[in-house]
2 protein chains.
Amino acid sequence: MEEILREKNIKVTDTRKEILRILSESKSAISYNTIQEKTALKLDKVTVYRTLDTFENKGIIHSIPSEDGIKLYSFCKDDCHDHDHDDNHVHFNCEMCNTTVCLYHVDIPSVELPKGYYMHSSKLIVNGICPECR
Amino acid sequence: MEEILREKNIKVTDTRKEILRILSESKSAISYNTIQEKTALKLDKVTVYRTLDTFENKGIIHSIPSEDGIKLYSFCKDDCHDHDHDDNHVHFNCEMCNTTVCLYHVDIPSVELPKGYYMHSSKLIVNGICPECR
DNA sequence: CTGCTAAACGCAACTTGGTTTCATTAAAAA
DNA sequence: TTTTTAATGAAACCAAGTTGCGTTTAGCAG
Ligand SMILES: [Mn+2]
Ligand SMILES: [Mn+2]
Ligand SMILES: [Zn+2]
Ligand SMILES: [Zn+2]
């Protein structure tokens with residue numbers, strides 16, 4: 001776990017290790033609030049948000065906007081580098097349990113855009129019912 | 001314009017006509033703030049938000065979450081009814097001019113989900129460069 | 001091991017998009 | 001024209017996230 005931080009050349013601190021641990025143990029993408037719920041430590045709000053920003057910029061995690069506008073965070077599985085994420089997988093949001101998971105193995109299909117439009121990236125969020133809630 | 005309101009069985013008011021006018025004249029999806037910028041009337045914040053909610057619930061407009069978390073609103077072109085939108089088109093966000101447009105003619109492709117997942121709806125947002133900014 | 005320094009932290013205060021409450025007004029049906 | 005019900009508007013509120021700034025500390029050099 002600490003190795004991830006060392007690899008990315010950022011200082012190893014308790015807060016960072018803790019947030020990394022929580023993220024790594026989570027099966028779904030989680031919010032700032034969930035991180036606070038899951039920790040026994042006293043984590044400062046600003047530090048948590050800054051840590052998440054750092055992780056995202058370093059390509060350790062990526063963020064997904066939830067249905068209600070708040071940001072969810074999830075580990076990057078593929079090779080993501082500084083500011084260069086490779087996360088073109090589909091996200092699934094369950095309408096029952098209201099969790100969002102990364103479907104790392106489901107790629108976003110390419111679409112035919114009208115003339116003149118050029119794609120850099122895309123996000124596909126599928127809403128429905130997850131296996132657990134079925 | 002007023003006819004839309006009558007059809008949906010909601011009262012015809014100046015605020016509603018104005019917001020409807022601004023939305024109908026806009027080429028891209030717009031935010032609450034843009035509505036305030038484009039009106040000469042003094043529109044109350046609460047009323048505007050409530051109006052947008054009403055319009056969305058009635059199937060007159062639909063909302064798209066922008067990159068930075070705020071809600072954008074755009075006319076529904078197809079047959080949308082109360083709480084039953086039929087807006088499975090792609091949205092395009094231009095990274096240069098930072099506008100989001102509905103690509104009404106580009107359908108969201110279907111994806112093969114892992115076993116146990118059931119889809120109700122999906123949202124696909126493509127980021128890139130629009131024709132004007134090319 | 002001991003400084004040194006840039007990076008990280010932490011508190012308070014702030015910003016912002018959006019909502020709640022509740023009293024007042026007005027559209028439109030009777 | 002009256003009545004009813006939906007819509008409005010002002011104030012206060014809320015929650016997610018940010019800014020400013022002084023303090024601490026990880027990790028490197030000596
Ligand atoms: Mn993901
Ligand atoms: Mn649209
Ligand atoms: Zn579920
Ligand atoms: Zn553009």
- Item | Residue met sooner reading DNA chain C from 5', once B:V12 and B:Y73 are mapped to nucleotides | B:Y73
- Task: Could you pick out which residue, A:N33 or A:R6, lies toward the 5' side of DNA chain D when each is mapped onto its nearest nucleotide?
- Result: A:N33
- Note on the structure: Bend of the helix from C:dC1-D:dG30 to C:dA30-D:dT1 from end-axis comparison, five pairs per end, nearest 10°, comes to 30°
- Query: ring pair (Phe, Tyr, Trp, His ring centres under 6.0 Å) with A:F75: which residues, sequence neighbours excluded?
  - Reply: none
- Query: How long is the line joining CG of A:D68 and P of D:dA16, in whole Å?
  - Reply: 9 Å
- Task: For atom CE of A:M96, decide whether the heavy atoms of other residues, nucleotides or ligands shown that lie under 6.0 angstrom number more than 12.
- Result: no
Output side-chain donor-acceptor pairs under 3.5 Å for residues 119-134 of chain B, partner residues at least two apart or in another chain, one line each.
residue : atom : partner : partner atom : Å
B:H120  : ND1  : A:E95   : OE1          : 2.6
B:K123  : NZ   : B:S63   : O            : 3.4

- Message: Does the protein touch nucleotides 1-13 of chain D at the base, only the backbone, or not at all? Give it as B, S and - per nucleotide, heavy atoms under 4.0 Å.
- Response: ----BBSBBBB--
- Message: Can you list everything that forms a side chain to side chain contact (heavy atoms under 4.5 Å, CB included) with B:Q36? Sequence neighbours excluded, please.
- Response: B:Y32, B:T39, B:L43, B:V48
- Worked check of side-chain hydrogen bond (donor to acceptor under 3.5 Å, both in side chains) between A:T34 and A:S31: CA-CA 5 Å; A:T34 307; A:S31 65; 3.1 Å; yes
Protein N or O to nucleotides 28-30 of chain D N or O, pairs below 3.5 Å:
none

- Give every residue pair that meets the ring-ring contact (aromatic ring centres under 6.0 Å, His included) criterion with at least one member in residues 2-31 of chain B, sequence neighbours excluded. none
- Message: According to salt bridge (charged side-chain N to carboxylate O under 4.0 Å, His left out), does anything in residues 15-31 of chain B pair up with another residue at least two apart or in another chain? List the pairs.
- Response: B:E2-B:K17, B:D14-B:K17, B:E18-B:R21, B:R21-B:E25
- All side-chain hydrogen bond (donor to acceptor under 3.5 Å, both in side chains) counterparts of B:T15, not counting sequence neighbours: none
- Query: Can you tell me how far P of D:dC14 sits from CD1 of A:I70, to the nearest Å?
  - Reply: 18 Å
- Task: Please list all pairs passing the salt bridge (charged side-chain N to carboxylate O under 4.0 Å, His left out) test where one or both residues lie in residues 36-52 of chain B, with sequence neighbours left out.
- Result: none
- Query: Do A:L52 and A:L23 have side-chain heavy atoms sitting under 4.5 Å apart?
  - Reply: yes
- Nucleotide range of DNA chain C contacted by chain B, 5' to 3', under 4.0 Å to a heavy atom? C:dG17 to C:dA28
- Nonpolar side-chain network containing A:V46, other nodes, edges under 4.5 Å: none
- Task: Taking the side chain as every heavy atom from C-beta outward, state whether B:P114 and A:H105 have any pair of such atoms under 4.5 Å apart.
- Result: no
- Under 4.5 Å between any side-chain heavy atoms of B:H62 and B:C102, yes or no? yes
